[in-house]
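The next block holds one structure in the form of structure tokens; read it before the comments.
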Amino acid sequence: MKIPQNLLRKNVPLCRELEIISTIVIKNNRLVENYFLEHKTQTKLNWFINDKKGESIFFDEDDCEWLTPTFIRNKDELYGLSLIEKSNSTKLFLTKVKSKIDFDSFEPIGRFYAKDKNHYYFGPGGKKIREDYLELFFDETYKNEWRKLHPERNTSIETKLWNSKIAVSKEKVYWNGRLKKEIHPSLKRISQYFWADDYFVFEYDLQRLKKLNSFDRQTLIYKNFIKNGSLVCLVTDLHKPAYCYFDNSKPSHKYDFKRFSPLFEELRGKISNEYWWYKMENSLQHGV
């Protein structure tokens with residue numbers, strides 16, 4: 001199957017989907033990938049690419065084309081490509097987009113998102129997004145100090161945006177193409193494992209966000225800095241460090257007092273003495 005030149009332009013970042021797409025062929029009117037190796041024999045496998053339920057999808061070899069790394073047109077139908085790789089397990093399937101697509105105006109806005117004159121779309125899962133405006137979102141400003149130490153590892157913001165699975169409208173956030181009603185577009189990544197918007201703080205497990213319901217957003221403070229060549233991220237509210245909300249634990253005299261001292265020493269006199277660290281300091285000084 002010939003890959004359109006728009007997928008091979010120099011300004012389109014390389015990605016796993018493009019590696020795989022370049023090996024896909026059509027046999028018996030079905031897509032067949034010829035990329036992955038069988039571990040024991042080290043020979044290339046030939047898998048039919050079906051839908052998520054394993055049902056066959058038939059393609060017209062003379063009237064189909066890849067439009068982006070995660071979208072393929074088959075006559076007047078649009079399919080989204082899903083690639084899920086975990087350890088030695090790989091899933092590759094297509095999902096039909098349930099919408100009438102205007103292919104004349106169809107264009108990618110990123111690796112996973114695209115649009116036509118009517119709607120926006122997310123490739124994996126074949127999702128339609130009813131928005132008049134949508135733009136890709138990426139934020140790793142918390143790593144600025146680390147980037148200064150490792151400029152050779154920096155990637156352009158254009159590439160990071162292209163690969164982002166997050167998009168925002170004026171009032172909404174789409175995470176992996178799904179509307180996240182509890183997240184506001186003021187979203188910001190404040191550390192490796194925490195994000196925050198104007199209303200809530202969220203735990204991040206490197207795949208999804210989970211709201212920390214008990215966290216006092218109004219008293220959020222945080223600091224990211226380099227220590228011994230590594231990035232240290234401190235996030236807390238008035239009552240305790242953010243990670244303590246995972247299991248409803250209390251801050252530790254032995255561990256948390258020393259760890260969080262750079263943050264609270266920097267803010268001494270600028271924030272309330274009611275923060276847990278200042279109370280802990282007072283108790284340690286008076287042997288309470």
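Computation of the quantities below employed the complete heavy-atom set of this structure, encompassing side-chain atoms and omitting hydrogens, waters and symmetry-equivalent molecules.
- Put simply, CD1 on Ile109 and CG on Leu134 are 5.5 Å apart, with the number rounded to the nearest 0.5 Å.
- Looking only at atom types and distance, the side chain of Lys240 has a donor-acceptor partner in the side chain of Asn248 under 3.5 Å away.
- Judged by distance alone, with hydrogens and angles left aside, the side-chain atoms of Asn224 form no donor-acceptor pair with the main-chain N or O of Lys143 at under 3.5 Å.
- How far OH of Tyr193 is from SG of Cys233: 9.0 Å, rounded to the nearest 0.5 Å.
- Considering only heavy atoms from C-beta on, Asn176 stays 4.5 Å or farther from Gln207 through its side chain.
- In plain terms, the two heavy atoms of Ser105 and Asp116 that are nearest each other are OG-CB, 3.5 Å.
- Phe260 pairs with exactly one of Trp276, Tyr222, Trp277 by the ring-ring contact (aromatic ring centres under 6.0 Å, His included) rule, that one being Trp276.
- The closest donor-acceptor contact from the side chain of Asp237 to the backbone of Leu220 lies at 3.5 Å or more, if one exists at all.
- Cation-pi geometry between Lys165 and Phe112 is satisfied (NZ or CZ under 6.0 Å from the ring centre, within 45° of the ring normal).
- With hydrophobic clusters built from ILVMFWY side chains whose heavy atoms lie under 4.5 angstrom apart, Tyr204 shares a cluster with Ile183.
- When side chains are defined from C-beta on, Arg147 counts as touching Asn144, because their heavy atoms get closer than 4.5 Å.
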Could you walk me through whether Leu83 and Thr90 satisfy the side-chain contact (heavy atoms from CB on, under 4.5 Å) test, starting with their C-alpha distance in whole Å, then the side-chain angles of each, then the deciding distance to 0.1 Å, before giving a yes or no?
CA-CA 7 Å; Leu83 169 64; Thr90 300; 4.1 Å; yes
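- Looking only at side-chain heavy atoms (C-beta outward), Asn74 and Phe58 stay at 4.5 Å or farther from each other.
- Note that CD1 of Ile166 and OH of Tyr174 are 14.5 Å apart. Values are rounded to the nearest 0.5 Å.
- Around atom CD of Gln42, more than 12 heavy atoms belonging to other residues, nucleotides or ligands sit under 6.0 Å away.
- Annotation for Arg178: atom CZ does not count as buried by contact number, only 12 or fewer foreign heavy atoms lying within 6.0 Å.
- Taken together through direct or relayed side-chain contacts under 4.5 Å among Ile, Leu, Val, Met, Phe, Trp and Tyr, Phe122 and Phe138 form part of one hydrophobic cluster.
- In this structure, the separation between CD1 on Ile20 and CD1 on Ile49 is 8.5 Å, given to the nearest 0.5 Å.
- Within 6.0 Å of NZ on Lys115 lie no more than 12 heavy atoms contributed by other residues, nucleotides or ligands.
- Between the side chains of Ser230 and Asn228, no donor-acceptor pair of N or O atoms lies under 3.5 Å.
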Practice prompt. Show the numbers, then the answer: is there a side-chain contact (heavy atoms from CB on, under 4.5 Å) between Leu78 and Phe103?
Written response: CA-CA 9 Å; Leu78 179 67; Phe103 288 104; 4.1 Å; yes
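- Placement of Trp146 and Leu206 in two distinct hydrophobic clusters is found when ILVMFWY residues are connected by side-chain heavy-atom separations under 4.5 Å, directly or transitively.
- Contact check for Phe225 versus Val232: side-chain heavy atoms found under the 4.5 Å cut-off.
- Side-chain contact between Thr155 and Asn163: absent, with no pair of heavy atoms (C-beta onward) separated by less than 4.5 Å.
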Worksheet entry | From CA spacing to verdict: side-chain contact (heavy atoms from CB on, under 4.5 Å), Lys188, Thr141 | CA-CA 9 Å; Lys188 180 179 180 180; Thr141 52; 3.8 Å; yes
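- Between His184 and the options Tyr199, Phe202, Phe200, a ring-ring contact (aromatic ring centres under 6.0 Å, His included) holds for only Tyr199.
- Hydrophobic clustering, with ILVMFWY side chains joined whenever heavy atoms are under 4.5 angstrom apart, groups Leu31 together with Leu45.
- Between Asn213 and Tyr245, the side chains place no donor N or O within less than 3.5 Å of an acceptor N or O (distance only, hydrogens not considered).
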Assess whether salt bridge (Lys or Arg N to Asp or Glu O under 4.0 Å) is satisfied between Glu65 and Arg73, documenting all intermediate values.
CA-CA 5 Å; Glu65 61 178 331; Arg73 179 184 66 81; 3.3 Å; yes
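- Within 6.0 Å of the CG atom in Leu14, the count of heavy atoms belonging to other residues, nucleotides or ligands does not exceed 12.
- Inter-residue side-chain proximity for Tyr120 and Ser169 is flagged as unmet; no heavy-atom pair is nearer than 4.5 Å.
- The pair Arg189-Glu140 meets the salt-bridge criterion, with a side-chain N (NZ, NE, NH1 or NH2) lying under 4.0 Å from an Asp/Glu carboxylate O.
- Here the CD atom belonging to Glu274 is positioned 10.0 Å from the NE2 atom belonging to His239, to the nearest 0.5 angstrom.
- A 4.5 Å side-chain heavy-atom check between Leu187 and Leu209 finds at least one atom pair inside the cut-off.
- Ring-plane geometry between Tyr278 and Phe264 is classed as perpendicular, the angle between the planes exceeding 60 degrees on a 0 to 90 degree scale with a lower cut at 30.
- Following chains of ILVMFWY side-chain contacts shorter than 4.5 Å, one cannot reach Phe93 starting from Ile26, and the two form parts of different hydrophobic clusters.
- Residue Pro13 comes nearest to Leu18 through the heavy atom pair O-CD1, 3.9 Å, listed as atom of the first residue, atom of the second, then distance.
- In this structure the side chain of Ile226 reaches within 4.5 angstrom of the side chain of Leu231, judged on heavy atoms.
- The minimum heavy-atom distance linking Phe71 with Gly123 is given by the pair CZ-N, 3.2 Å.
- Under the side-chain contact (heavy atoms from CB on, under 4.5 Å) test applied with Lys172, the options Lys181, Lys180, Glu131 reduce to a single match, Glu131.
- When all heavy atoms of Val201 and Ala196 are compared, the pair lying nearest together is CG2-CB, 4.1 Å.
- A donor-acceptor pair under 3.5 Å is formed between the side chain of Tyr275 and the backbone N or O of Thr219.
- Minimum interatomic distance between Thr95 and Gly125 (heavy atoms only, all atoms of both residues): CG2-O, 3.1 Å.
- Atoms NZ and NE2, on Lys100 and His119 in that order, are 12.0 Å from each other to the nearest 0.5 Å.
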*Start with the C-alpha gap between Phe137 and Val173, add the side-chain angles, then the distance that decides, and say whether side-chain contact (heavy atoms from CB on, under 4.5 Å) holds.*
CA-CA 9 Å; Phe137 174 87; Val173 173; over 6 Å; no
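- No more than 12 heavy atoms of other residues, nucleotides or ligands lie within 6.0 Å of CG in Asn28, so this atom counts as exposed by the packing criterion.
- The nearest pair of heavy atoms linking Pro69 to Ile21 is O-CD1, 3.5 Å.
- In this structure, Thr68 contributes its side chain and Tyr113 its backbone to no donor-acceptor pair below 3.5 Å.
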